[in-house]
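Single-structure report; data block below.
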Amino acid sequence: MELITAFDNLGFFSLFGFVVVIVVVIPNFVFAKKGRETKLDDIDTAGVMASFLEVVSRIGLTLALILMRFELRYDVMGICAGVALLIYFILWLRYFKNGCYYPDIYMKSFVGIPVPFDVFISLYFIFASLWLCNIVALGFSLVYAVSRLLNARAALKDLKTRPEE
C-alpha cells in the first residue's frame, strides 16, 4: 500500500533512477562495438506488437525512473536489483569472452535459465522500480519484462529453426 501512496512524496528527477538506467547500458556500448552482424531483426522474429510494446515500455520505464523521484524504502529490493545486475554483467562478460557471437545471447542458458540476458535485465528493472518505490516505473517494467521475454522466446525459436552456420 505504501508504494501506491508514495505519490505524496513525488519529486522531479531521480539521481538513483538515472544511475539505474545508465549502469545497465554500459555493456551495450561495448556490444555495439564488438557485436557481430548476426543480429536478428526483432520485428521479423517476434512480430510488430511485441516489438512495439518493448520499445514503448522501455521509453516509459526510462522516463519514469529518471523523472520521478520517490522516497527510498525497500532496501531488500535494492539488493535484489544489485544481484540481478551483477548476474547480467557476468552474462555479458561470458558473452565477450566467448567471442561475441550474437545468437549466444539467446541460445546459451545460465544455470538452467533460458534467455538469461532477458530474464535478469527484466528482474533488475522490476526490483529497481520497487526499490525506488516508483509504481509508474514498476508498471512499465512489468510490460517491458513480458514483451522482452516474448521477443526473446520468439528469437530463440527462430534461431533453433535456422540451419547451422
Side-chain angles (χ1 to χ4, degrees), residues 2-4 6 10-11 13-35 39-40 42 45-46 50-98 100-156:
E2 288 180 35
L3 190 62
I4 295 172
L10 177 64
F13 187 74
S14 171
L15 181 61
F16 287 116
F18 181 74
V19 171
V20 163
V21 170
I22 293 300
V23 74
V24 81
V25 298
I26 293 169
N28 292 289
F29 289 123
V30 178
F31 170 74
K33 183 153 176 80
K34 291 188 160 233
K39 191 171 186 304
L40 302 174
D42 290 341
T45 304
S51 297
F52 176 76
L53 278 176
E54 182 180 342
V55 170
V56 169
S57 61
R58 183 183 314 150
I59 292 168
L61 174 62
T62 300
L63 292 174
L65 285 171
I66 293 173
L67 299 179
M68 300 176 83
R69 183 182 71 238
F70 295 93
E71 186 178 320
L72 302 178
R73 291 193 184 129
Y74 303 112
D75 292 336
V76 171
M77 294 301 159
I79 293 167
C80 291
V83 169
L85 182 65
L86 178 64
I87 293 170
Y88 182 68
F89 281 152
I90 289 169
L91 292 168
W92 275 111
L93 289 173
R94 178 181 78 168
Y95 172 76
F96 293 132
K97 182 182 167 213
N98 292 335
C100 301
Y101 183 61
Y102 185 77
D104 287 349
I105 289 175
Y106 298 102
M107 299 295 284
K108 286 192 174 183
S109 64
F110 179 73
V111 293
I113 299 172
V115 293
F117 281 85
D118 302 293
V119 169
F120 286 103
I121 192 64
S122 297
L123 288 175
Y124 168 71
F125 281 125
I126 290 168
F127 288 136
S129 298
L130 288 169
W131 172 57
L132 295 172
C133 296
N134 191 329
I135 194 166
V136 175
L138 178 61
F140 281 120
S141 64
L142 292 171
V143 173
Y144 175 73
V146 169
S147 59
R148 182 156 180 134
L149 291 172
L150 285 173
N151 280 339
R153 187 170 162 247
L156 180 61

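Residue F16 places its CZ atom among 12 or fewer non-hydrogen atoms of other residues, nucleotides or ligands, all under 6.0 Å distant. Counting heavy atoms of neighbouring residues, nucleotides and ligands inside a 6.0 Å radius, atom CZ of R153 does not exceed 12 of them.
Atom CZ of F120 sits about 14.0 Å away from atom CZ of F89, to the nearest 0.5 Å. Within the model, atoms CD1 of I66 and CG of N134 stand 11.0 Å from one another, a figure rounded to the nearest 0.5 Å. Put simply, CG on L85 and CD1 on I90 are 10.0 Å apart, with the number rounded to the nearest 0.5 Å. To the nearest 0.5 Å, atom CZ of residue F127 and atom CG of residue L138 are 11.0 Å apart. Remark: F117 CZ to L91 CG distance equals 5.0 Å, nearest 0.5 Å. Rounded to the nearest 0.5 angstrom, C80 SG and D75 CG are separated by 11.0 Å.
Contact annotation: the side chain of L86 never approaches that of Y124 to less than 4.5 Å [non-hydrogen atoms, C-beta and beyond]. At least one side-chain heavy atom of V24 sits less than 4.5 Å from a side-chain heavy atom of F125.
In terms of heavy atoms, Y106 sits closest to V115 at O-CG1, 3.8 Å. Taking every heavy atom of both residues into account, N98 and K108 meet most closely at ND2-NZ, 3.2 Å. Here the shortest heavy-atom pairing between R94 and P116 reads NH2-CG, 4.3 Å. Taking each heavy atom of G17 and L132 in turn, the nearest pair found is CA-CD1, 3.8 Å. When every heavy atom of S57 is checked against every heavy atom of V143, the shortest pair comes out as CB-CG1, 3.8 Å. For D118 against A152, the heavy-atom pair with the smallest separation is OD2-CB, 3.1 Å.
The aromatic rings of F18 and F13 lie tilted to each other, with the angle between the two planes from 30° to 60°.
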**Report entry** CA sep, side-chain torsions, deciding dist, call: Y88, V119, side-chain contact (heavy atoms from CB on, under 4.5 Å)
**Finding:** CA-CA 9 Å; Y88 182 68; V119 169; over 6 Å; no
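Of the candidates L61, L142, V20, V136, L61 is the only one forming a side-chain contact (heavy atoms from CB on, under 4.5 Å) with S129.
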